[in-house]
Structures are given as structure tokens and as C-alpha cells.
There are 4 protein chains.
Amino acid sequence: MDGGEPKFRRRKDERPAEIVEAALAVFAEKGFAAAKLDEIARRAGMSKGAVYLYFETKEEIFRAVVVRAIAPNVAAVKAMISTHPGPLPDLLRGVARHVAGVIETTPIGAVLKMVVGEARNFPELARVWHDELVAQALGALTDAIAGAQARGEVRPGDPRAYALQLISPILVAVLWRETFVPVGAQGFDVRALMAQHIDTILHGMALEGARS
Amino acid sequence: MDGGEPKFRRRKDERPAEIVEAALAVFAEKGFAAAKLDEIARRAGMSKGAVYLYFETKEEIFRAVVVRAIAPNVAAVKAMISTHPGPLPDLLRGVARHVAGVIETTPIGAVLKMVVGEARNFPELARVWHDELVAQALGALTDAIAGAQARGEVRPGDPRAYALQLISPILVAVLWRETFVPVGAQGFDVRALMAQHIDTILHGMALEGARS
Amino acid sequence: MDGGEPKFRRRKDERPAEIVEAALAVFAEKGFAAAKLDEIARRAGMSKGAVYLYFETKEEIFRAVVVRAIAPNVAAVKAMISTHPGPLPDLLRGVARHVAGVIETTPIGAVLKMVVGEARNFPELARVWHDELVAQALGALTDAIAGAQARGEVRPGDPRAYALQLISPILVAVLWRETFVPVGAQGFDVRALMAQHIDTILHGMALEGARS
Amino acid sequence: MDGGEPKFRRRKDERPAEIVEAALAVFAEKGFAAAKLDEIARRAGMSKGAVYLYFETKEEIFRAVVVRAIAPNVAAVKAMISTHPGPLPDLLRGVARHVAGVIETTPIGAVLKMVVGEARNFPELARVWHDELVAQALGALTDAIAGAQARGEVRPGDPRAYALQLISPILVAVLWRETFVPVGAQGFDVRALMAQHIDTILHGMALEGARS
DNA sequence: CATGAATGAGCCTTCATTCAT
DNA sequence: TATGAATGAAGGCTCATTCAT
């Protein structure tokens with residue numbers, strides 16, 4: 001008679017997060033244009049009108065979904081940057097652990113797919129993702145690699161390209177999971193892939209005689 | 001009765017291709033749902049009604065765009081597979097040249113983006129792409145790597161993961177071009193990236209003392 | 001339990017009037033359909049729910065606004081009718097003073113505009129205004145003019161038309177103020193207009209040789 | 001089998017006028033906000049979607065209705081101005097005939113009601129009506145009266161107020177017809193009213209001994 | 001009494017698709 | 001074949017009204 005789920009929830013503070021969570025699922029599944037507010041509202045457990053108490057437009061919800069997904073990952077980037085800039089292998093292995101955790105516990109893969117798919121329709125979101133997240137991570141990696149090159153640990157070559165080589169399999173594995181696994185493709189074990197990849201690349205980047 | 005000025009009358013046979021070409025541009029720019037048939041027809045230089053003489057629905061056009069983009073690349077995959085399975089480096093460098101050409105002369109990047117973005121709405125297209133293109137290419141690479149491992153050219157490790165490691169930077173570079181370059185990000189020189197990547201990975205995969 | 005700070009607690013009795021006052025402003029500004037209860041409640045200094053404690057529907061509020069504006073003017077009409085039916089000029093000048101005061105101190109102009117604008121949507125309100133106010137005033141004037149005609153003070157002619165001629169400029173001046181002055185038009189000095197108009201009409205209606 | 005009303009009318013040129021005509025009826029009846037596009041389309045004999053082939057928004061339709069009603073009346077104003085500037089009575093009687101015709105053959109009364117009712121929501125329409133129609137007519141009348149004063153035909157007094165006095169009963173009669181006649185009020189015979197009014201005012205404005 | 005979060009019906013607008021010409 | 005006017009089903013958004021607190 002008293003507890004349970006009241007018909008009118010009256011939980012103003014929690015509603016936006018509930019909407020964003022539901023919207024993430026629907027947007028990831030349908031894309032922006034094909035996502036219906038009816039469904040977002042239903043999955044969020046409220047009426048369509050209630051959604052508009054917290055967000056002005058469907059676009060605003062989309063923005064909130066995409067922008068909100070940045071925050072937890074900025075921490076990962078920060079960690080990457082601040083991690084002891086000792087030998088490159090230690091840095092990469094430490095970062096890899098962190099990234100694997102993020103990939104497994106957050107929906108960043110789905111959001112990444114949305115950013116790629118809607119970049120032309122929402123350029124400012126692509127810009128935010130690039131400037132605050134992707135470019136930061138790539139830049140930090142690039143710097144670390146350049147440092148290792150200066151220390152003679154790594155062979156000559158474009159450090160930004162090396163950085164991209166390092167990141168790419170993870171990104172592809174995540175997009176693969178979103179794109180091809182649902183239609184029957186075999187997935188990739190992200191942690192195993194990362195481990196093998198780091199080994200390979202470290203090996204491949206190393207100067208002869210300077211193997212770790 | 002006589003046909004008047006047939007000068008500018010295109011033949012029926014060319015129309016579907018014109019529609020697919022125009023649709024590719026619009027779908028790549030807007031995504032499936034936000035693309036308007038009005039715009040596709042206009043860019044194809046015909047009326048909206050004419051489009052429906054050649055395609056039943058908007059979805060059919062989308063399917064045609066995505067499926068048609070497979071053909072030229074199947075050739076690349078076939079080439080990769082049929083290439084003499086001699087030393088891995090030769091294979092990779094040959095394939096890379098081919099792939100670079102495809103990337104530079106076809107809109108495969110845009111179509112890849114569409115496949116990723118609409119995989120949930122058009123699972124059969126994701127499946128076609130996977131089965132006929134991506135899995136084939138990955139499988140062929142995997143086989144080649146496994147063969148090299150058997151010959152003692154390559155270190156132990158999951159050959160399928162090695163294959164993913166090999167192709168990922170190209171895919172990411174292409175998606176990067178579609179997603180972040182339009183909002184001001186610095187692009188990647190695909191040929192240089194591929195060259196450096198193959199060198200790095202070959203180095204990294206090689207057994208000690210078996211360097212190429 | 002004790003009531004806390006009753007300082008700013010308005011009494012229940014005053015709330016309806018506050019609502020009607022606020023609603024008048026909003027209805028006059030936006031029209032019935034475009035007026036939002038949110039704004040009425042806000043201007044009345046209470047919550048939307050509180051409004052519904054005193055009125056059943058938005059329509060009821062509108063009716064209250066329109067009907068309430070009748071009362072003070074019914075008095076004017078009564079006064080006009082009961083005024084000693086002496087010479088017409090005295091009557092008109094007395095009434096004019098009264099009417100001018102009403103126009104200057106009440107929002108009757110705004111309400112008149114609402115009645116005109118919403119007559120088709122609220123016919124019973126148009127009827128009330130007509131039956132209780134406009135027709136009464138016009139009828140009283142008509143009778144007074146007919147009486148003056150019988151006494152030989154006024155030229156032959158349709159007394160009801162004379163009555164309309166007499167009141168029209170005031171009505172138009174009021175609607176003009178509501179409609180065109182806000183977009184930059186020059187207004188009319190109601191008292192001066194009334195004075196000149198009564199002079200003109202009295203002159204014009206007078207029988208030759210019977211000038212006042 | 002051939003003539004009749006084809007299901008698809010294919011009469012692009014006539015559609016806008018049909019829409020405006022239907023919209024005038026609906027707007028006059030319901031007001032802008034309460035008018036439904038469904039009903040406008042139905043009365044215009046087409047689907048809702050067809051309306052949007054010719055007008056961008058509901059507001060555009062409203063504007064078209066209000067602006068279109070100006071054109072025929074601008075002619076009346078021009079006529080008023082250009083009419084032989086001889087003795088005032090001739091001018092007024094000539095103009096009155098013209099105006100009566102306009103009132104009887106056009107829906108200007110309904111549009112005037114709409115302008116008054118929606119002036120706050122569409123100020124630019126109120127401005128257009130004032131600047132191009134009402135102020136022009138009032139100004140021309142004012143000038144004619146001032147000229148007559150200069151010639152000694154008319155008594156001293158504010159000529160603009162005289163002009164308003166002249167116009168007002170017509171306007172009020174028209175609004176009366178729109179507002180109170182539908183709820184049972186007795187109407188006014190516009191031509192008779194105009195004739196009596198002009199007589200009265202001319203009498204009333206005339207200098208003693210200068211009667212026409 | 002009072003609040004304001006929540007509801008849900010309704011409307012404007014869009015756009016894939018059809019069809020008379 | 002080709003056209004493009006026309007259709008009609010949705011969907012985003014609003015807002016009068018309700019109701020748990």
C-alpha cells in the first residue's frame with residue numbers, strides 16, 4: 001500500500017538519466033532519425049510528454065547521449081596521459097587494462113557507432129568527440145611514442161601513424177561487435193586481442209637489439 | 001511521334017546506375033532515414049516518379065547501393081586469396097597496393113560507414129557485407145598467416161587476431177576521413193600509413209632471426 | 001500545523017479575482033486558444049494546479065473574464081436609461097462623461113476585442129454581451145432619440161441607426177487602440193473625440209431652427 | 001467518362017486561391033489557433049498534404065488570407081482619393097457607394113475581425129493593414145475634410161477625428177454583423193445606415209448658412 | 001489548500017508512395 | 001516512359017487537465 005512503484009514517480013532528479021539511458025538503447029538500435037520518441041519514453045517508463053519536461057527536442061536527447069558518454073572516457077584519457085611516462089610497454093599495458101574495462105562496462109561502442117553514423121547530421125558532436133576524446137587520446141599516445149623514439153626505444157617513423165596503428169584494432173573490434181556479431185559473425189576477445197596486438201606492435205616498433 | 005530531340009534522352013539501361021550513384025551520395029551524407037527521395041531524384045536528374053520505375057522502395061535503393069559496392073571489392077578479396085601464397089611480406093605488399101587503389105577510387109569508405117550505421121535496421125545487408133566481403137578477406141588473411149606460422153615465418157598467436165590487426169588501421173583511417181576530417185581533424189595519408197603499418201606488423205609478427 | 005507564516009497567504013476569496021485579472025491580460029494579448037494556462041497561473045502568482053481549484057476549465061476562466069467585465073458597464077447603462085429624459089444634449093453629455101470614465105479605468109476595450117474575436121467559438125458569450133450590455137445601451141439610446149424626435153428636437157430618421165452612429169466612434173477608437181496603436185499608429189484622444197462627435201451629431205440630427 | 005471532376009485535379013494554378021478561400025472561412029469562424037488544417041484542406045477539397053505543396057506553414061496561409069483581402073480595397077481607397085475633389089458631399093456619396101459594394105461583395109468584414117483578433121499575434125499583418133489600407137483611407141478622408149474646412153464648407157475641428165466619425169458606423173456595422181447577428185441580434189442595413197450617416201454628419205459638420 | 005510532475009489526446013508538418021496524364 | 005501533383009500515414013511536440021504528495 002505504501003512502497004512499490006508509485007504511479008507518479010515524482011523523481012525529478014533521476015528522470016534525465018533514465019531518459020538518456022533509454023535513448024541510448026533506441027538510438028544505438030535504430031539510428032537517430034528512425035528512433036521514435038514513443039519508444040524512448042516507453043523504455044524510460046514514462047509518457048512522451050514527460051520526456052519533454054526534461055529535454056527540449058529529440059536532438060537535445062541525442063546530444064545528451066553522445067556528450068554524456070564522453071565523460072567517463074575522458075578519465076581514461078587523462079589516466080593515459082598521466083601514467084608514468086616510463087618505458088612504453090608499461091604505459092601501453094597499463095592503458096590497455098583501463099581501456100578494456102571501459103569497453104566492457106560502458107556502452108562506448110554503441111555511442112561510437114552513433115557518432116560515426118550521424119557525424120554529418122550533427123557535426124558539432126563529431127567535433128566534440130574528436131577534440132575532447134579521440135584527438136586527446138591520439139595526441140597523448142603520439143607524444144609517448146615520440147618520446148620513446150627520442151630515447152631510442154622505438155624505430156623511426158610517423159609517431160601519429162604508430163598511435164593510430166595501436167588504437168585501431170580496439171576500435172574495429174568494438175564496431176565489429178556492434179555491426180557484424182548481431183548477424184552471426186564471430187566476435188573478438190577484446191582483452192586477448194589487445195594483449196596480442198600490444199605485443200606485436202611493441203615488437204614491430206622496437207629497434208633491433210632494444211627489445212623489451 | 002518521331003521522338004523529337006533524342007539528344008539528351010538517356011537510355012533506360014543507364015538510369016538505375018544513375019539513381020544508385022545519386023543515392024550513394026545522399027545516403028552517405030544524411031543516413032538512410034534522413035535521406036529524401038526528392039533529393040535523390042533531383043541529383044539523379046530525373047523526377048521522383050521515374051525513380052519508382054526502377055526501384056520498388058527506398059529500401060531497395062539502399063540495398064542496391066550497399067550491395068553494388070561489394071562487387072569491385074570482391075575482386076580485391078579474390079586477388080588477395082589467389083595471390084601466390086609465397087612469403088607473407090610479398091602477399092601483404094601486393095594486396096596493400098590493390099586495397100589502396102580501391103580506397104582511393106571508390107566510395108567504399110562512405111558505404112562502410114553506411115553499413116556500420118544501418119546494420120541494425122538492415123541486418124541482411126550487414127550479413128551480406130560480412131559473408132561476402134569482410135569475412136572472406138579476413139579469412140583469406142587468416143589462412144595466409146596461419147600458413148606462414150606453419151612455415152615458421154610468423155610467431156605463434158591467434159592468426160585471426162593477427163589478420164584483424166593488419167586491416168584495422170585502414171578501416172579506421174577510412175572511417176576517420178568520413179567522420180572527423182569534415183569537422184577539422186587532420187587526416188591520414190592512407191598509402192604511407194599502410195606501408196608503415198605493414199612494416200611494423202611484419203616486424204612484430206616475425207620470429208626472432210626470421211626477419212624479412 | 002499552526003500555519004507558519006501567514007503573512008503572504010492570500011485568502012481563498014481573493015484568488016478567483018486574481019486569476020480573472022491575470023487571465024484577462026493573457027487572453028487580451030494572445031486570444032483564447034493561444035493563451036496558456038501556465039502563463040495565466042504564473043501571472044496570477046500561483047501554480048497551475050491552484051487555478052483548477054477555482055475554475056473547472058480554461059473556458060470557464062474565459063467566460064468569467066468576459067462576463068465579469070459586464071457588471072460595471074451594466075451600471076453605466078442603467079444610469080443612462082434612468083437619466084432624466086430631458087433634452088437629448090444633456091443626456092448625451094452626461095452619459096459621455098460616464099462612458100469615458102469607464103473606458104479609461106477598465107479594460108473594457110480588451111474585453112470587447114475578445115468578444116469580437118471569439119464570438120463564433122463562444123456564442124453564448126456574444127449573446128450575453130449583446131443582450132445585457134450592447135443591446136440595452138443601444139436600445140436606451142434609441143428610445144431617448146425616438147423621444148427627442150417625438151418632441152420635435154431631432155430630425156426624422158431611423159433612431160436605432162442614429163444610436164449606432166452615436167456610439168460607433170467610441171467603439172472604433174477603443175478597438176483602434178487595441179489593434180493599431182501597438183504597431184505604431186497614432187491613437188485618438190477619446191474625450192476630445194467624444195466631445196467633437198456629440199457636437200457634430202447633435203448638430204446633424206437637429207431640426208433646422210431647433211439648434212441647441 | 002471524360003469530363004466531370006477528376007480525382008486528381010491537376011490544377012496547380014487554381015489551388016492556392018482555393019486554399020485561401022477555404023482558409024478564410026475557417027479562420028473567420030474559429031480564429032487562427034483554433035482553425036485546423038484538416039478542416040481547411042477538406043473545405044478546399046484536397047488532402048492535408050496538398051495544402052503544403054502551396055504554403056509552407058499555417059501562418060503563411062493566414063498571412064495570405066489577410067494580405068489578399070487588402071488588394072481589392074486598395075482600389076477603393078485609391079478611388080476615394082482620386083475622386084473629384086469637389087464639394088465634400090459629392091465625394092462622400094460617391095465613396096459610400098463604392099464602399100457599400102465592397103462590403104456586400106467581399107468578405108472584408110470577416111478579415112477585419114481576424115485582423116483585430118490576431119493583431120497581437122501577427123503584428124506585421126496589423127501593420128500592413130494599417131499602413132496600406134486603414135491609414136490611407138483615413139488620411140485621404142482627413143485631407144478632403146481639411147480642404148473643405150479651408151474652403152469654408154466645414155466647421156472647425158480636428159479633421160482626423162471627423163474622418164473617424166465618418167467611417168466608424170460602417171466598421172461597427174460590419175463587426176456587428178460578424179459578432180452579434182449570428183447570435184440573434186438585429187442587423188443593420190448598411191446602405192441605409194451609410195446614407196443617413198452621411199446626411200447627419202454633413203449636416204453636423206456644416207457651417208451655419210453653408211448647408212448643402 | 002497548494003504544488004508541479006505526469007499524462008495523453010491532438011495538431012502541424014513531413015515524406016515515401018501512387019497515379020492520372 | 002516520364003512527370004509531378006496528390007495522398008495519407010506517421011511522428012515530433014504542445015498543452016489542458018489530473019493527481020500523488
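Heavy atoms only: backbone and side chains are in, while hydrogens, waters and symmetry mates are out. In the text below, chain A, chain B and the rest are named by the order of the sequence lines, each starting its count at 1.
- The list of ring-ring contact (aromatic ring centres under 6.0 Å, His included) pairs with a residue in residues 35-58 of chain D, not counting sequence neighbours, is empty.
- Listed nucleotides F:dA16, E:dT13, E:dA16 differ in distance to C:Lys36; the shortest reach to its side chain belongs to F:dA16.
- Distance A:Leu53 CG to F:dC13 C1': 12 Å, rounded to the nearest Å.
- Base pairing annotation: E:dA16 forms a Watson-Crick or G-U wobble pair with F:dT7, both donor-acceptor distances under 3.5 Å.
- When both distances must be under 3.5 Å, the Watson-Crick or G-U wobble mate of E:dT21 is F:dA2.
- Between the side chain of D:Lys48 and the base of E:dT13 there is at least one donor-acceptor pair of N/O atoms closer than 3.5 Å.
- OP1 or OP2 of F:dA2 sits under 4.0 Å from a side-chain N or O of B:Tyr54.
- Side-chain contact between B:Asn121 and A:Lys30: present, with at least one pair of heavy atoms (C-beta onward) separated by less than 4.5 Å.
- One interatomic measurement links the two molecules: CD of D:Glu14 to P of F:dA5, which rounds to 14 Å at whole-angstrom precision.
- In this structure, C:Glu132 does not pair ionically with C:Arg127, as no charged nitrogen and carboxylate oxygen lie closer than 4.0 Å.
- Between the CG atom of C:Leu37 and the P atom of F:dA16 there is a distance of 5 Å, rounded to whole Å.
- Heavy atoms of C:Ala35 sit under 4.0 angstrom from primed sugar atoms or phosphate atoms, though from no base atom.
- Checking E:dT17, E:dC12, F:dT1 against the side-chain heavy atoms of D:Tyr52 singles out E:dC12 as nearest.
- Contact check, D:Arg15 against F:dA6: a side-chain N or O comes under 4.0 Å of OP1 or OP2.
- Atom NZ of D:Lys58 and atom P of F:dC13 are 18 Å apart (whole Å).
- Between C:Arg43 and C:Glu18 the shortest side-chain heavy-atom distance does not fall below 4.5 Å.
- DNA chain F is contacted by both D:Gly49 and C:Ala34; D:Gly49 maps to the nucleotide lying nearer its 5′ end (nearest heavy atom per residue).
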